[in-house]
Novice: 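Once you've had a glance at the structure underneath, I'll fire off some questions.
Every heavy atom of this structure was used, including side-chain atoms; hydrogens, water molecules and symmetry mates were not.
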Amino acid sequence: MKKGVKVRSFALFMVTILVLASLMGCSTSTKDNPSASNNKEGTDAGPDYLNPVGVYPITKEKITLTVLGMKDPGGTDWSELEIFKRLAEKTNIELKFELAEEDTFNEKKNIALVGGEYPDIILRGGEKIDEETYGPQGIFLDLTDLIDKYAPNFKALLDKKPVVKASVTSMDGKIYGLPYYFKTATTQGHLGFFDSQWMKNVGIETPPTTTDELYEMLKAFKEKDANGNGDPNDEIPFSGVGLTAFQNLLIPAFTGMTGGIGFDVNDAGEVVYVPAMPEYKEALAYTNKLYKEGLIDREFSTQTSQQWQAKIKGGLVGVYNGSPTLLDPETTKTEQLSLVPLTSPTNDKRVVKTPDYLYTSRGIITNKCKYPEAAMRLLDMFYATEENAVDGFYGNTVFLGYEEEQWKYTDDSKTHYEWIEPTTGFADINKSVSVNMGLPGLLEFPAIPANYPLMENKVNQVNEKQVPYYRDAYPVNARFTAKESERGNVIENDLFTYVNMMTTKFIIGEESLDNFNNYLATLDKIGLPELIEIKTAALQRWNEAIK
């Protein structure tokens with residue numbers, strides 16, 4: 001009996017030692033790594049430092065996270081912005097910012113990542129290739145489980161919009177970055193607007209719907225006093241900056257594609273390079289004709305945006321590839337009309353490129369972060385809808401500021417809004433309240449500014465004459481392997497440089513279109529067939545991902 005008692009006593013002693021050791025191990029682990037989770041009765045209650053999802057502040061004690069962010073040129077230091085000050089108070093999470101403007105951000109980011117001296121979070125300046133490179137290495141955290149446990153707002157967006165999940169999922173099936181998803185009433189492409197009075201002044205009753213009809217209208221703008229100032233020789237029938245107007249208006253009219261000077265997918269699901277299509281030559285011939293006859297701004301390839309806008313505001317330009325809101329609201333009283341997508345002798349489909357609504361890699365959490373759960377919960381607040389707002393903060397707050405402080409709806413249907421003084425516009429928001437574009441988050445805001453006729457004009461015209469013809473081009477968020485990106489980027493950059501140069505030369509007549517076949521041969525020498533193979537492989541993966 002005594003021997004049995006001794007054995008049981010020894011066994012009890014050993015169990016006690018093991019339990020104490022286990023408890024000490026847990027305590028040490030939690031202290032050294034605050035994100036270590038406690039498991040209670042088979043459920044993940046989350047790390048000790050964190051309050052449950054939905055409970056604020058996010059952390060029980062104040063913590064600090066370091067952030068590398070890309071700020072706007074001349075922009076306010078983010079630590080001075082109202083949203084970050086209020087979020088710090090609400091969440092117990094202070095963000096310590098290191099900022100760089102766009103022209104130096106990538107260099108700063110790359111040096112930090114290669115040198116190992118990078119922050120907890122990277123905001124607004126990541127790229128898909130960063131995710132594909134640093135995600136598998138473990139430098140960028142896999143956010144998949146964190147999203148599932150700590151990001152109900154973003155998880156709801158993933159469930160609602162498969163395209164978002166396809167866009168943010170890396171080649172290895174993991175999520176390393178959070179996106180910026182935005183849709184507003186004013187986020188639209190601009191085929192070409194023109195003053196309705198110009199059309200009336202030259203005796204044209206209906207806007208053009210074909211390239212031939214556009215030619216006739218532009219010719220009338222040139223030959224007659226279209227702007228009505230008494231001088232029939234000061235009109236510029238069609239103006240733009242660089243090749244943007246050509247890409248947005250004329251290439252689709254001849255090709256039926258919206259990829260511009262780039263890639264698209266035809267009706268058979270095949271990848272095509274638009275500048276190599278036979279119809280591209282026809283678009284060049286048409287544009288060259290406009291240029292030779294003085295119907296296109298002679299300075300389109302050299303002028304700055306400021307010079308171009310000055311011509312428009314001065315009443316000298318007929319068709320302009322931009323928004324009517326460029327005009328002076330005090331002097332513009334006539335309706336600005338949008339061209340409908342044009343057809344041509346080589347294409348009978350009306351198409352407009354669908355605006356881009358989704359930018360990936362806007363929010364990244366690195367392996368330096370000791371509090372990844374808290375970081376995820378904080379970033380998830382940016383994906384909240386109006387119904388899930390926390391103290392007035394949600395995705396739209398980043399864009400507009402706080403409702404009833406910086407802005408308010410002017411009608412019960414919430415179709416119009418206005419600023420509240422002293423706030424007069426987005427410039428004021430960016431100075432003191434927020435970084436209104438590009439941070440990770442969800443922005444869905446269909447209202448338009450009240451008492452802004454030019455914006456109302458634009459939205460109505462686009463909804464009527466462009467939206468019905470939206471067509472997606474090659475998916476901008478298709479994923480590439482690191483090897484594909486390395487090789488593909490070299491080829492694509494070389495193609496882009498060459499095609500832009502040659503397109504401009506073809507238009508202004510420095511290069512004869514008799515040499516178009518030589519141009520096509522050069523595209524192949526640069527590597528177009530290889531790049532189409534790379535793009536095709538990525539497209540196939542994309543199509544599988546969005547099913």
Novice: Any side-chain hydrogen bond (donor to acceptor under 3.5 Å, both in side chains) pairs touching residues 504-513, not counting sequence neighbours?
Specialist: Glu511-Asn515, Ser512-Asp514
Novice: Please, which pairs that meet ring pair (Phe, Tyr, Trp, His ring centres under 6.0 Å) have at least one residue in residues 250-270, sequence neighbours excluded?
Specialist: Phe254-Tyr286, Phe263-Tyr273
Novice: Go through the steps for Glu216 and Glu213 under the test side-chain contact (heavy atoms from CB on, under 4.5 Å), then give the verdict.
Specialist: CA-CA 5 Å; Glu216 294 299 332; Glu213 290 174 358; 5.6 Å; no
Novice: Check whether any side-chain heavy atom of Phe194 lies under 4.5 Å from a side-chain heavy atom of Ser338, and answer yes or no.
Specialist: no
Novice: Which residues pass the salt bridge (charged side-chain N to carboxylate O under 4.0 Å, His left out) test with Asp264, sequence neighbours left out?
Specialist: Arg471
Novice: With Asp328, which residues qualify under side-chain contact (heavy atoms from CB on, under 4.5 Å), at least two apart?
Specialist: Glu330, Thr331
Novice: Would you say the ring centroid of Tyr519 lies under 6.0 angstrom from that of Phe506?
Specialist: yes
Novice: Only counting residues at least two apart or in another chain, list the ones meeting salt bridge (charged side-chain N to carboxylate O under 4.0 Å, His left out) with Glu530.
Specialist: Arg487
Novice: For Glu464, check side-chain contact (heavy atoms from CB on, under 4.5 Å) against everything at least two apart and list the hits.
Specialist: Gln461
Novice: Between Arg479 and Glu132 (side chain of the first, backbone of the second, donor and acceptor by atom type, cut-off under 3.5 Å), is there such a pair?
Specialist: no
Novice: Please list, chain by chain and in numerical order, all residues satisfying side-chain contact (heavy atoms from CB on, under 4.5 Å) with Ser323, sequence neighbours excluded.
Specialist: His190, Thr325, Lys458
Novice: According to salt bridge (charged side-chain N to carboxylate O under 4.0 Å, His left out), does anything in residues 339-358 pair up with another residue at least two apart or in another chain? List the pairs.
Specialist: Asp267-Lys349
Novice: Is any side-chain N of the basic residue among Lys224 and Glu235 closer than 4.0 Å to the acidic one's carboxylate O?
Specialist: no
Novice: Donor-acceptor pair, distance only, cut-off 3.5 Å: does the side chain of Asn460 make one with the backbone of Glu456?
Specialist: yes
Novice: Could you give all pairs that pass the salt bridge (charged side-chain N to carboxylate O under 4.0 Å, His left out) test and reach residues 153-166, with sequence neighbours left out?
Specialist: Asp148-Lys155
Novice: Are Glu486 and Lys483 ion-paired here, with the side-chain N under 4.0 Å from a carboxylate O?
Specialist: no
Novice: Counting only N and O atoms by type, is there a donor-acceptor contact under 3.5 Å from the side chain of Asp130 to the main-chain atoms of Glu127?
Specialist: yes
Novice: Under the rule for side-chain contact (heavy atoms from CB on, under 4.5 Å), what residues qualify as partners of Thr104, not counting sequence neighbours?
Specialist: Ala100
Novice: Checking Lys535 now: which residues fulfil salt bridge (charged side-chain N to carboxylate O under 4.0 Å, His left out) with it, not counting sequence neighbours?
Specialist: Glu492
Novice: Passes side-chain contact (heavy atoms from CB on, under 4.5 Å), Leu178 versus Phe154? Steps please.
Specialist: CA-CA 9 Å; Leu178 300 175; Phe154 183 61; 3.7 Å; yes
Novice: Salt bridge (charged side-chain N to carboxylate O under 4.0 Å, His left out) with Glu279: which residues, sequence neighbours excluded?
Specialist: none
Novice: Taking the six-membered ring for Trp, is the centroid-to-centroid distance between Tyr176 and Phe140 below 6.0 Å?
Specialist: no
